[in-house]
Amino acid sequence: MLDVHQFINGADSYEADVLDGFARAHAGLVRWNRAPSYVVRRNPAPDKVALVSGGGSGHEPLHSGFVGDGMLDAAVPGHVFTSPTPEQVIAATKAVAGDAGALLVVKNYTGDLINFRLAAEILDASGVRVRSVVVDDDLATETDGDGDPGRRGTAATLVVEKVCGAAAERGATLDEVADLATRVVARSRSLAVSFSGAQLPGSSIRSFEVPADEVEFGVGIHGERGTARHPLRPVRELVAELTARISGALDLASGHRVVAVVNGLGATPAAELYLAYGELAGCLERAGVRLARGLVGTYVTALDMRGLSVTLTVADEEILALWDDPVRTAALAW
Amino acid sequence: MVTPVLTAAQAHDWIVAFRDVVVANAAELSDLDRQSGDGDFGTNITTVLNAVGGRLDPGEDRVAGHFAVLASGFMNGGGTSGPLFAIWFQGFAEACSTGASAAQLADGAEAGLAGVSRLGGAKPGDKTMVDAMSPAAKALRVAADQLAVPEVALADAAQAARTGATVTASYSARRGRASYVGAAAQGVVDPGALAVALFFESAAGAVR
């Protein structure tokens, strides 16, 4: 019997139920292959470099929501917060990759790295040209240690997928798209704050709770706790701190141009995201940094966390032009 | 002199015994994972091994064939440990033939360990399954060099893997799930390493 306030049928069928609804809602854009589970665009583009991404479910609309013209060719969803299997990644990649090859966009988590790496080896051995890029933008888990897991992959994934999807659509080669992805990753950093942890499907427990007069800094997108808990302050001050830390990590200086993403973690009202974006714009303005492009919305989530993340990407002419290229997916379209 | 080998029937019984001991210890494996990761390890490995148990063919006449079934079961097991165990058992599948001598088992354990290290990046001391796989591979090699029969070689490997797994409790994690929870996993045995120990210990009843 269900005993939590979630609009689900049960934890066991959760991922499949979500994908079934998603595929029905966007039948003109995508097709869902049930087993092995992956989502591909409805109108295949076999002549260009294919973009394939994936990871655990629970981050919707990432990644399936970014399948379509000008972005991903295939998305591979695992169970909630669990990497997809090599079998899924291989089947999805083979379904969309032509002679131009495929770029696998992987978020920096141990499970994703292993499963995608194994898939890439097997694809390579079977004659499919693949390259992989690992997105690692989350400042919260940055450490000095060489062998440490390092920064997690979070909302910068969206920027990588948009920019590289556009480049692939323009006819760039696999090496060009992969190098571009590496460049975007190197120039992108994110940081997230939250008032709550995440509640898994069917679970009555939240991964963590935050008292009403505090806020958790440096949270992850799997309900991971943050690195510090601060007294609650107006969003102007919270965003100023996020911006300062990201700016420092990117060595942002007056005259730089950035693409900014203010992203909801699943349960934050759109109004508050816009409010935060306004504060971010003010911070950047005062620092002389040009906010060249911005995106506000709920894109890279952690189920129902009531938090937000800020991502900045240092942009150049090429990145901005690719950002502006047309895109037509379930979650992003212009 | 004929080199003593593990037979296909023994390999079959070994894998079945491994499944049974994992099922019996699923709660403990999950509990260890809850303290160091996300708590689904016992359920996941049980699901994989039950599926493997259903696909093992008692009529299979090659040790390599049984290990291949084990490897492909883990390949579809998902998560972090699934593909790592898959590549490990694949090492055994490729090193063994109709039978498996102690030297072939050592070859398999070494190749599997190399695959796991390459894919996962973990080294001994990082509090992962490698902490049991590495000493077990060494023990198998030493035994094989001394021309031990498979039964003895596997008993040595079991002892080495168990010691390796037990010691992970004193490590802080540098790789894998437990690395994200830091000090919270201190004092907890790595469940992946424990599963490796259970695997070699399962040979005792099946291989004699």
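Protein chains get the first letters and strands the later ones, always in sequence-line order, with residue 1 at the start of each.
In plain terms, the two heavy atoms of A:N115 and B:P83 that are nearest each other are OD1-CG, 3.1 Å. Of all the heavy atoms in B:N76 and A:T85, the pair that sits closest is O-CG2, 3.8 Å. Of all the heavy atoms in B:T80 and A:G111, the pair that sits closest is OG1-CA, 3.2 Å. What you find for A:R117 and B:R118 is that their closest heavy atoms are NH1-O, 3.6 Å.
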In residues 85-96 of chain B, what donor-acceptor pairs under 3.5 Å come from side-chain atoms, sequence neighbours left out?
from	atom 1	to	atom 2	distance (Å)
B:Q90	NE2	B:E94	OE2	3.1

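The number of heavy-atom neighbours closer than 6.0 Å to CG of A:D20, taken from other residues, nucleotides and ligands shown, is above 12. Taking a 6.0 Å sphere around NE2 of B:H12, one finds it holds more than 12 heavy atoms contributed by other residues, nucleotides or ligands. Heavy atoms from other residues, nucleotides or ligands lying under 6.0 Å from CD of B:Q159 number 12 at most.
The distance from atom OG1 of A:T110 to atom CG of B:L119, rounded to the nearest 0.5 Å, is 12.5 Å.
Considering only heavy atoms from C-beta on, B:M75 comes within 4.5 Å of A:I122 through its side chain.
Using a 4.5 Å cut-off between heavy atoms, A:E121 touches chain B through its side chain atoms alone.
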